[in-house]
Number of protein chains: 2
Amino acid sequence: MPTTTRITERRDDALSRERIVAAAIAMLDASGEGGLTVRGLAATLNTGLGALYWHVKNKSDVLVAATDAVLADALATDSADLTPEEAIRAVALGVFDAFDAHPWIGVQLSRLESQGTTVQMLERLGQQLRALGVPGKLQFDAAAALRNYILGVAAQNAALATSVAPGTRRDDVLGAMADTWADLDPTEYPFTHGVADHLRNHDDRDQFLSGVNWLLAGITAPH
Amino acid sequence: MPTTTRITERRDDALSRERIVAAAIAMLDASGEGGLTVRGLAATLNTGLGALYWHVKNKSDVLVAATDAVLADALATDSADLTPEEAIRAVALGVFDAFDAHPWIGVQLSRLESQGTTVQMLERLGQQLRALGVPGKLQFDAAAALRNYILGVAAQNAALATSVAPGTRRDDVLGAMADTWADLDPTEYPFTHGVADHLRNHDDRDQFLSGVNWLLAGITAPH
DNA sequence: ACCTGAACACCGTTCAAGT
DNA sequence: ACCTGAACACCGTTCAAGT
């Protein structure tokens, strides 16, 4: 029963927690982890410093909310008509792509206070492992292994993007790293030296998926 | 042929890059990521701000050096008389334990500029995978999967330690989280709700090792 | 209830000046 | 060559004061 009072009406540009978080995500995407400052946020939103603190607890609060929003979005896919394996791969790739688009999440997840959205991920994975017939006692370990692998790879991958000047092409970064690997002493680093070319030509997404598949193979293998 | 000149003699307490990094590690261990400030470092070392910048490029330089030192230490184990599988597990557990002792590494590795020590880890893993007879084309993907899983889990694990007030007992953190999981709606979160007790009683190290073993099983399985 | 902006207590880094 | 400490340009957060 909505009553038409002035109080419930809102100007489109009224400051709100949602608008602050949305602006923060835009700033983080544009200029990375160090690009988000409270002052910059206030300037973008055409408001004062104190106004932000009325809607939001502190900067960390904004960061957690931004991370949750992006991750929740990545997990919001329908997996109704997929096999359990396909559904697990869909979750994994969803998170992987989200990290690719928002590299700043990586650092954030390594210090997440509210385990909020990662629980949703664990839930999705666990349900599919049940559907796969993984024995009860192993379900938790298996879901944790998958979740950790996914978050780990994604974070690792984001490190690459964050550690270089924003705007650097990913291929250039990998190319430079491959050069370094190729220059390593073949006696001391036979393996790394040997795979330098693979690094130059490999597909991150495919390599990521290989790990997921190996985990699934190990988990579902008779023991 | 050492000549006895005054120049090569050094007082034990002379400032040096090594002493700065060592002091930084001690501060990070004691009070976490936010506990390291350049001013605090100068105070601990009884010196001025500028003196530090003579030996060290900047704060990030110190952080990277500290991370490299700890990780190198964790990898400095002899694996001569181990099977390839055992050697891989040894590397994995070494890193896991290093993260446990120095939780601040987690955040650090998610933004590592110099891939320095992680290359050593990849090398160790890759050599063992060769010894296992993993086909050449898969060696790189397999080594990367193991490395990413290890770094990922360790980072994830460190997040737990970092996100709470330093000094909080790990069991208390897990207990509180288990309570949260148990309180989740069983209809919406059947899996997570159901494994709350497992979270309370599980062994992190064992669970970590399960993932390593599943990956190894998947990698070495005929395909 | 919501917003402003000055003020506070910190940062990392630089640099002229010392020895 | 190595060290000092004041100074600079930033931070995040608070808070009296406004509407």
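Each chain gets a letter, A, B and so on, in the order the sequences are listed, and its residues count up from 1.
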Grab the N/O contacts between the protein and nucleotides 11-17 of chain D below 3.5 Å, and write none if there aren't any.
unit_1: D:dC11; atom_1: N4; unit_2: A:Arg39; atom_2: NH2; d: 3.4
unit_1: D:dG12; atom_1: OP1; unit_2: A:Lys59; atom_2: NZ; d: 2.7
unit_1: D:dG12; atom_1: OP2; unit_2: A:Val38; atom_2: N; d: 3.1
unit_1: D:dG12; atom_1: N7; unit_2: A:Arg39; atom_2: NH2; d: 2.6
unit_1: D:dG12; atom_1: O6; unit_2: A:Arg39; atom_2: NH2; d: 2.4
unit_1: D:dT13; atom_1: OP2; unit_2: A:Tyr53; atom_2: OH; d: 2.7
unit_1: D:dT13; atom_1: OP2; unit_2: A:Lys59; atom_2: N; d: 2.9
unit_1: D:dT13; atom_1: O5'; unit_2: A:Tyr53; atom_2: OH; d: 3.3

How long is the gap from [atom1] on [X] to [atom2] on [Y], to the nearest 0.5 Å?
X	Y	atom1	atom2	result
A:Leu75	A:Arg124	CG	CZ	6.0 Å
A:Leu28	A:Leu36	CG	CG	4.5 Å
A:Gln127	A:Gln139	CD	CD	10.5 Å
B:Ile88	B:Leu216	CD1	CG	5.0 Å
B:Leu184	B:His193	CG	NE2	8.5 Å

#### Entry: Separation of atom CG in A:Leu52 from atom P in C:dG5, rounded to whole Å
13 Å
### Message
Once you measure the plane-to-plane angle for B:Phe208 and B:Phe96, does it fall in the parallel (<30°), tilted (30-60°) or perpendicular (>60°) bin?
### Response
parallel
#### Entry: Trace of the side-chain hydrogen bond (donor to acceptor under 3.5 Å, both in side chains) decision for A:Ser60 with A:Asn58
CA-CA 6 Å; A:Ser60 171; A:Asn58 50 34; 4.5 Å; no
### Task
Please measure how far the C1' atom in C:dA16 lies from the corresponding atom in D:dC3, and state the result in whole Å.
13 Å
### Query
Closer than 4.0 Å, any side-chain N/O of A:Trp54 to the OP1 or OP2 of C:dC2?
yes
### D:dA1 OP1/OP2 closer than 4.0 Å to side-chain N/O of B:His55
no
## Note on the structure
So the stems of DNA chain D, runs of at least three Watson-Crick or G-U pairs (under 3.5 Å), are C:4-8 with D:12-16, C:12-16 with D:4-8
### Task
Applying side chain to side chain donor-acceptor pair (under 3.5 Å), name anything that partners B:Asp73, two or more places apart in sequence or on another chain.
none
